[in-house]
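Read through the structure below, which is laid out as structure tokens, and then see the notes.
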Amino acid sequence: MATDNGIELPDGFSSASEYAAEVKRVYSPYAFLAQMHIVDFLVRPHWELLDVEWRDYFMSFEFDMSKLIPLATHGQTDEACPHSLREFVGKMFSLQFPRQRIGDQGMSEERELVLKYFVDGMSEKKREEVVDLAALVGHVARDTGSDLVVDVGAGQGYLSRVVAYGRADAPRVLAVDFAEGQKRGAEVHQRRTLKRLKGKRAVAEGYQGPRDLESRLVHRVLRVDLESAGELATAAREEAGSGR
């Protein structure tokens, strides 16, 4: 159901306040889960905070890592999963906002493009993540008329390159990372990708990217936090005003 201001709520809720109250009620007993950070497992007893039933299940032979992704992404559980965990997962998924996936045709084209020209350094998992997120970013940029996308924490630039070079109407990308080494690595991958996109194979296969490939993607070293947010805004304005 959609509220007066256009927010699409999960089934069973008639107002945003009703939804927020239910989220708070369900979330409160498990708030500690959101405070768990992987490095803290070395110094804090996070494991002991989980229900004993959950711990027994996760440590049992019935559970392995191949079941974790379906559980976390689709809410799929097996018969060995304890009732309390199955109930928790089901409730969490019933509270998520309705999501409309970008059309399969577009996703197929994005995936084919990544496999042809952008696979350097990407694991299979990384490729899947980049395909989905690049399609979403591009969709939002086109829908909002945005000509510039800022990729904060761009790392080696896997996502930045697909967003910037993936379509003829792709937005320009300002890729920001705090580490100079990440920037240098991203620029190495960028040069390789540009060479590939300008090559005979891409031309023969009908690659349709932006005309001004060289200027579509710019990397900068910049620390991004509350204190330096102004620097990021300045960098974005400069890039947007450059009209490269």
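Numbers for residues simply follow the sequence, beginning at 1. Since this is a predicted model, take the numbers as computed values, not measurements.
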| task | Give the cluster check for V39 versus F178: same hydrophobic cluster or not, with ILVMFWY residues linked at side-chain heavy-atom distances below 4.5 Å. | result | no
| query | Does the side chain of L133 come within less than 4.5 Å of E129's, by heavy atoms? | reply | no
| field | Side-chain heavy-atom pair L9, E18 within 4.5 angstrom cut-off | value | no
| query | With clusters built from Ile, Leu, Val, Met, Phe, Trp and Tyr whose side-chain heavy atoms come within less than 4.5 Å, directly or transitively, what are the remaining members of the cluster of L42, listed by chain and number? | reply | V43
| message | For R167 versus P210, what's the shortest heavy-atom pair and its separation? | response | O-CD, 3.1 Å
| request: Looking only at non-hydrogen atoms, find the nearest pair between A186 and R161 and report the distance. | output: O-NH1, 3.6 Å
| message | Please list all pairs meeting side-chain hydrogen bond (donor to acceptor under 3.5 Å, both in side chains) that have one or both residues in residues 189-204, counting only residues at least two apart or in different chains. | response | D120-R196, Y165-Q190, Q190-H219, K198-E214, R201-E205
| request: Rounded to the nearest 0.5 Å, what's the gap from OH on Y158 to OG on S123? Could you check? | output: 8.5 Å
| field | Verdict with reasoning, F118 to V131, per side-chain contact (heavy atoms from CB on, under 4.5 Å) | value | CA-CA 10 Å; F118 299 94; V131 165; over 6 Å; no
| task | Please identify each residue that fulfils salt bridge (charged side-chain N to carboxylate O under 4.0 Å, His left out) with D78, with sequence neighbours left out. | result | K67
| remark: Applied to residues 23-37, the salt bridge (charged side-chain N to carboxylate O under 4.0 Å, His left out) test, sequence neighbours excluded, yields E22-R25
| Do V221 and V150 belong to the same hydrophobic cluster, where Ile, Leu, Val, Met, Phe, Trp and Tyr are linked whenever their side-chain heavy atoms lie under 4.5 Å apart, directly or via other members? | no
| query | Considering only heavy atoms from C-beta outward, does the side chain of V23 approach that of F13 to under 4.5 Å? | reply | no
| Set of salt bridge (charged side-chain N to carboxylate O under 4.0 Å, His left out) partners for E180, sequence neighbours left out | R184
| request: Could you pull out all residues at least two apart from F63 that satisfy ring pair (Phe, Tyr, Trp, His ring centres under 6.0 Å)? | output: Y57, F58
| message | Are L49 and W47 connected into the same hydrophobic cluster when the rule is that any two of I, L, V, M, F, W, Y join if their side-chain heavy atoms are below 4.5 Å apart? | response | yes
| field | Set of residues satisfying side chain to side chain contact (heavy atoms under 4.5 Å, CB included) with respect to V89, sequence neighbours excluded | value | L71, L85, F93
| said: Could you see if L217 belongs to whatever hydrophobic cluster contains V188? Use Ile, Leu, Val, Met, Phe, Trp, Tyr and a side-chain cutoff under 4.5 Å. | reply: no
| message | Once side chain to side chain contact (heavy atoms under 4.5 Å, CB included) is applied, do any residues pair with V52, and if so which ones, sequence neighbours excluded? | response | R55, D56
| message | Suppose the criterion is side-chain hydrogen bond (donor to acceptor under 3.5 Å, both in side chains): which pairs have a residue in residues 27-41, not counting sequence neighbours? | response | none
| message | Could you check whether any side-chain N or O of R216 sits under 3.5 Å from a backbone N or O of A170, counting only pairs where one atom can act as donor and the other as acceptor? | response | yes
| Atom of D51, atom of S84 and distance for their closest heavy-atom approach | OD2-OG, 4.3 Å
| query | Who pairs with F97 by ring pair (Phe, Tyr, Trp, His ring centres under 6.0 Å), at least two apart in sequence or on another chain? | reply | Y19
| query | Between CG of D169 and CG of D147, what distance do you get to the nearest 0.5 Å? | reply | 10.5 Å
| message | With a 4.5 Å cut-off on side-chain heavy atoms, are L50 and F32 touching? | response | yes
| Listed partners of S66 passing side-chain hydrogen bond (donor to acceptor under 3.5 Å, both in side chains), at least two apart | D64
| field | Validation row: M92, V26 side chains within 4.5 angstrom (heavy atoms) | value | yes
| query | Atom CD of E187 and atom CD of Q156: how far apart are they, to the nearest 0.5 Å? | reply | 10.5 Å
| query | Where do D151 and L159 land on the side-chain contact (heavy atoms from CB on, under 4.5 Å) test, with the steps shown first? | reply | CA-CA 8 Å; D151 185 358; L159 176 63; 4.2 Å; yes
| Does W54 belong to the same Ile/Leu/Val/Met/Phe/Trp/Tyr cluster as L68, with side-chain heavy atoms less than 4.5 Å apart forming each link? | yes
| request: Using the test side-chain hydrogen bond (donor to acceptor under 3.5 Å, both in side chains), find all partners of T144 that sit at least two apart in sequence or belong to another chain. | output: S146
